[in-house]
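Everything below concerns the one structure shown next.
Naming: A, B, ... by sequence-line order, numbering from 1 per chain.
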Amino acid sequence: DQQVKQNSPSLSVQEGRISILNCDYTNSMFDYFLWYKKYPAEGPTFLISISSIKDKNEDGRFTVFLNKSAKHLSLHIVPSQPGDSAVYFCAATYNQGGKLIFGQGTELSVKP
Amino acid sequence: EAQVTQNPRYLITVTGKKLTVTCSQNMNHEYMSWYRQDPGLGLRQIYYSMNVEVTDKGDVPEGYKVSRKEKRNFPLILESPSPNQTSLYFCASSLKGRGLVHGYTFGSGTRLTVV
């Protein structure tokens, strides 16, 4: 039972354009959502998070949008850069951050 | 340097031979957690700990044990490894509550192969 789903295994975008990565969830008890970025041979690194009481959070080129009624969140990267090429994971939690549930990941490729 | 250190980075072992993967953090974090990463399945939580002597099962705890006797260490124990435990393992830690806003800090991973 996959509570957090990333249905697109891969995404290819031109440098300078917008990258939109999507994530769906099923558990309405989730109260915090996070995005992580992962390069090969490294551990995931935290990008940005959003509380369930908000619908948008921005940090530089990264913006996360949350649509609670649709149980859907998305990560926007504008403008996309070749260094953004990595696997992106969304994650959700409802236990003060103890239990963290990840999606399957989306591999983003930003082409020069 | 603030970090999460896992050892070993790579391990090949045989079925049934007990092994321990160590995890240590130097940031005085309350929360620690173990994940495994498999193709098409993303990261799945094995066990987590919200403080010393407090551990809870994640989504895939079968075949694994953990202990949290001191704050900095959270070893992952495979009492009788099987080939389906071949995976990439990550340890992570966070300050209580801050993991929600600032995320967990992950180690570099342990690539385990069970033959």
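Heavy-atom pairs under 4.5 Å with chain B were tallied for A/Ala41, A/Gly105, A/Gly103; the largest tally goes to A/Gly103. When the candidates B/Gln37, B/Arg111, B/Lys57 are compared by the number of heavy-atom contacts under 4.5 Å with chain A, B/Gln37 comes out ahead.
In this structure, the separation between CZ on B/Arg44 and CG on A/Leu100 is 15.0 Å, given to the nearest 0.5 Å. Here the CG-NZ distance, from B/Leu88 to A/Lys38, works out to 6.0 Å after rounding to the nearest 0.5 Å. Summarising the geometry, atom CZ belonging to B/Phe106 is positioned 11.0 Å from atom CZ belonging to A/Phe46; distances are rounded to the nearest 0.5 Å. Taken from CG in B/Asp56 to NZ in A/Lys99, the straight-line distance is 8.5 Å, to the nearest 0.5 Å.
In B/Arg9, the CZ atom is crowded: over 12 heavy atoms of neighbouring residues, nucleotides or ligands sit closer than 6.0 Å. Within a 6.0 Å sphere centred on NZ of B/Lys71, heavy atoms belonging to other residues, nucleotides or ligands number more than 12.
Without hydrogens or angle criteria, A/Tyr36 side chain to B/Gly103 main chain gives no donor-acceptor distance under 3.5 Å.
With a 4.5 Å cut-off on non-hydrogen atoms, A/Pro44 touches chain B through its backbone and its side chain both.
Tracing side-chain contacts under 4.5 Å through hydrophobic residues (I, L, V, M, F, W, Y), one never reaches B/Phe74 starting from B/Ile77; they form parts of separate clusters. A/Val4 is connected to A/Ile50 through a chain of hydrophobic side-chain contacts under 4.5 Å among Ile, Leu, Val, Met, Phe, Trp and Tyr, so both are in one cluster. Note on A/Ile101: it does not cluster hydrophobically with B/Tyr89, by side-chain heavy-atom contacts below 4.5 Å among ILVMFWY residues.
Smallest separation of non-hydrogen atoms from B/Leu43 and A/Phe102: O-CB, 3.3 Å.
Residues of residues 18-29 of chain B having a heavy atom under 4.5 Å from any heavy atom of chain A: none.
For B/Pro83, the side-chain contact (heavy atoms from CB on, under 4.5 Å) partners are B/Thr15, B/Val114, not counting sequence neighbours.
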